There are 2 protein chains.
Amino acid sequence: MTEDIVRRLGYMTLGTRLKRIGERLQAQTQTLISERESPEAGSVNSPVLAALWRNGPLSIGELTQAIGQSQPGITRMVGKLKARGLAEIGPDPVDRRISKVSLTEAGKDLVRRLEEGAWQTVEAAVTDACEGLSGSLLDQLGQLEDRLAARPLPKRVRVRVKAR
Amino acid sequence: MTEDIVRRLGYMTLGTRLKRIGERLQAQTQTLISERESPEAGSVNSPVLAALWRNGPLSIGELTQAIGQSQPGITRMVGKLKARGLAEIGPDPVDRRISKVSLTEAGKDLVRRLEEGAWQTVEAAVTDACEGLSGSLLDQLGQLEDRLAARPLPKRVRVRVKAR
DNA sequence: GACTTTAATATAACAAGTTATATAACTTCA
DNA sequence: TGAAGTTATATAACTTGTTATATTAAAGTC
């Protein structure tokens, strides 16, 4: 078994390491969401959906700030949401340079379902995986990687009794 | 200024968040390396170069383990290193399914320069950015993001007096 | 020793991010 | 008020990651 050099090199490869853990988390989250909701509710789109849900219609530029990603990336994501019938795009009536993005009824329905179900599940599973991590950033990342390898997110879901 | 929803959502979007910070770190690291070494020594390739440097020739499979990334990704990275004259690939004489990857002389020279220069600089800059982070994982990530925004890695390089 | 299974790598197609640049609409100011 | 500058978004091209599958070599098995 060859040694994990990215972990070994520590701060020198922190960027690579963070991306690596992030991709694993996203992949596991995607599995989790797909199991309980339509796969179109991808883990990658969730922040965009959540931003529109919480703030109402936003321009591409506002979404760029809300998500913290490059503008062309946001433009493409929004295009996909539109293609799936979850969002609408139209020019701002006052300043026609601005593209205003809003959720369709289907999009709002989806978010409602996600809020009640998959999103809560994801948050609980990730919280579980991160519970009690301690020490420096590198320490905590190491612990988190070990935990995700030992028990990935889908195995960290507890069946909840729905209040009635 | 629209609120940073990825930060706000906390554990639910931890994957997205880790990827985001990782990409920023890699981009800043790339700037740093390009400034003091040939741009072919990209931040993404560094782990592969380091693994080969420390362990000697490795198979694609061993590199996959060392880097913790998918096999096709490693195959492509290695292909690029080969195209740049930094690595060689050849079949293992005993088991001809195995592709053994090794550094060329040019590759070894590059690593020697990186070890003396750019890699140390990167490690020092990232260490500086992470110094004294405290609290939970989310806390530390928040602090790190703030610091990288306020003073990115290239501004965290201290000029060192070379011992002679 | 041919036949099947397993293992290692390569290839293809896709996903999601980036930078650089083009386009179109608004603003400024002489 | 029209030329020049600025801003918002779209588009193009690239990078780096992924999964699924094809290919080839080795290992078992009867």
Side-chain angles (χ1 to χ4, degrees), chain A residues 2 6 13 15-31 34 39-40 42-48 57-65 67-84 89-101, chain B residues 2 6 13 15-31 34 39-40 42-48 58-65 67-84 87 89-101:
Chain A
T2 316
V6 173
T13 52
T16 301
R17 183 106 175 263
L18 290 173
K19 269 179 74 175
R20 179 170 89 176
I21 307 176
E23 304 233 341
R24 272 174 211 172
L25 269 175
Q26 277 197 338
Q28 294 181 13
T29 299
Q30 182 61 55
T31 303
S34 296
E40 50 185 13
S43 69
V44 171
N45 310 314
S46 292
V48 176
L58 293 174
S59 71
I60 296 287
E62 289 167 330
L63 275 172
T64 297
Q65 288 193 318
I67 312 295
Q69 231 165 255
S70 72
Q71 171 263 311
I74 301 296
T75 296
R76 187 167 42 190
M77 263 194 209
V78 166
K80 285 191 182 175
L81 292 180
K82 181 188 174 189
R84 289 171 189 170
I89 316 176
D92 184 289
V94 175
D95 182 341
R96 287 177 356 249
R97 290 172 302 179
I98 293 176
S99 284
K100 216 72 176 178
V101 184
Chain B
T2 316
V6 174
T13 51
T16 301
R17 183 107 176 263
L18 290 173
K19 268 179 75 176
R20 180 171 88 174
I21 307 177
E23 305 232 341
R24 273 175 210 171
L25 269 175
Q26 276 196 340
Q28 294 182 14
T29 299
Q30 182 61 56
T31 304
S34 296
E40 50 185 11
S43 70
V44 171
N45 310 313
S46 292
V48 176
L58 293 174
S59 71
I60 295 287
E62 289 166 331
L63 274 173
T64 296
Q65 287 192 318
I67 312 294
Q69 232 166 256
S70 71
Q71 171 262 310
I74 301 295
T75 297
R76 187 169 40 190
M77 263 194 211
V78 166
K80 285 191 182 176
L81 292 180
K82 182 187 172 189
R84 289 172 187 168
I89 316 175
D92 183 289
V94 175
D95 183 340
R96 290 183 347 254
R97 290 173 303 180
I98 293 176
S99 284
K100 216 72 175 178
V101 184

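Lettering follows sequence order; numbering is per chain, from 1. Just so you know, these numbers come straight off a predicted model, no measurement behind them.
Summarising the geometry of A:Thr64 relative to A:Gln71, their closest heavy-atom pair is OG1-CA, 3.6 Å, with the distance given to 0.1 Å. In plain terms, the two heavy atoms of A:Ile98 and A:Ser59 that are nearest each other are CG2-CB, 3.5 Å. Across B:Val6 and B:Thr13, no two heavy atoms sit closer than the pair O-OG1, 2.9 Å.
Rounded to a whole Å, the CD atom of B:Glu62 is 13 Å from the C1' atom of C:dT9. The separation between B:Ile67 atom CD1 and C:dT9 atom P is 14 Å, rounded to whole Å. The distance from atom CD of A:Gln30 to atom P of C:dA15 is 11 Å, rounded to the nearest whole Å. Look at CG on A:Leu18: it is 15 Å from C1' on D:dG17, rounded to the nearest Å.
Side-chain N/O atoms of B:Thr75 include one lying less than 4.0 angstrom from OP1 or OP2 on C:dA10.
Between A:Val101 and A:Leu58, the closest side-chain pair of non-hydrogen atoms is not below 4.5 Å.
Positionally, the nearest nucleotide of DNA chain C for B:Ile98 lies more toward the 5' end than for the other of B:Ile98 and A:Lys80.
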Output one letter per nucleotide in nucleotides 17-25 of chain C: B when a protein non-hydrogen atom lies under 4.0 Å from the base, S when only the sugar-phosphate is that close, - when neither is. BBBB----B
Are any protein N/O atoms closer than 3.5 Å to N/O atoms in nucleotides 2-5 of chain C? If there are, list each pair with its distance.
none

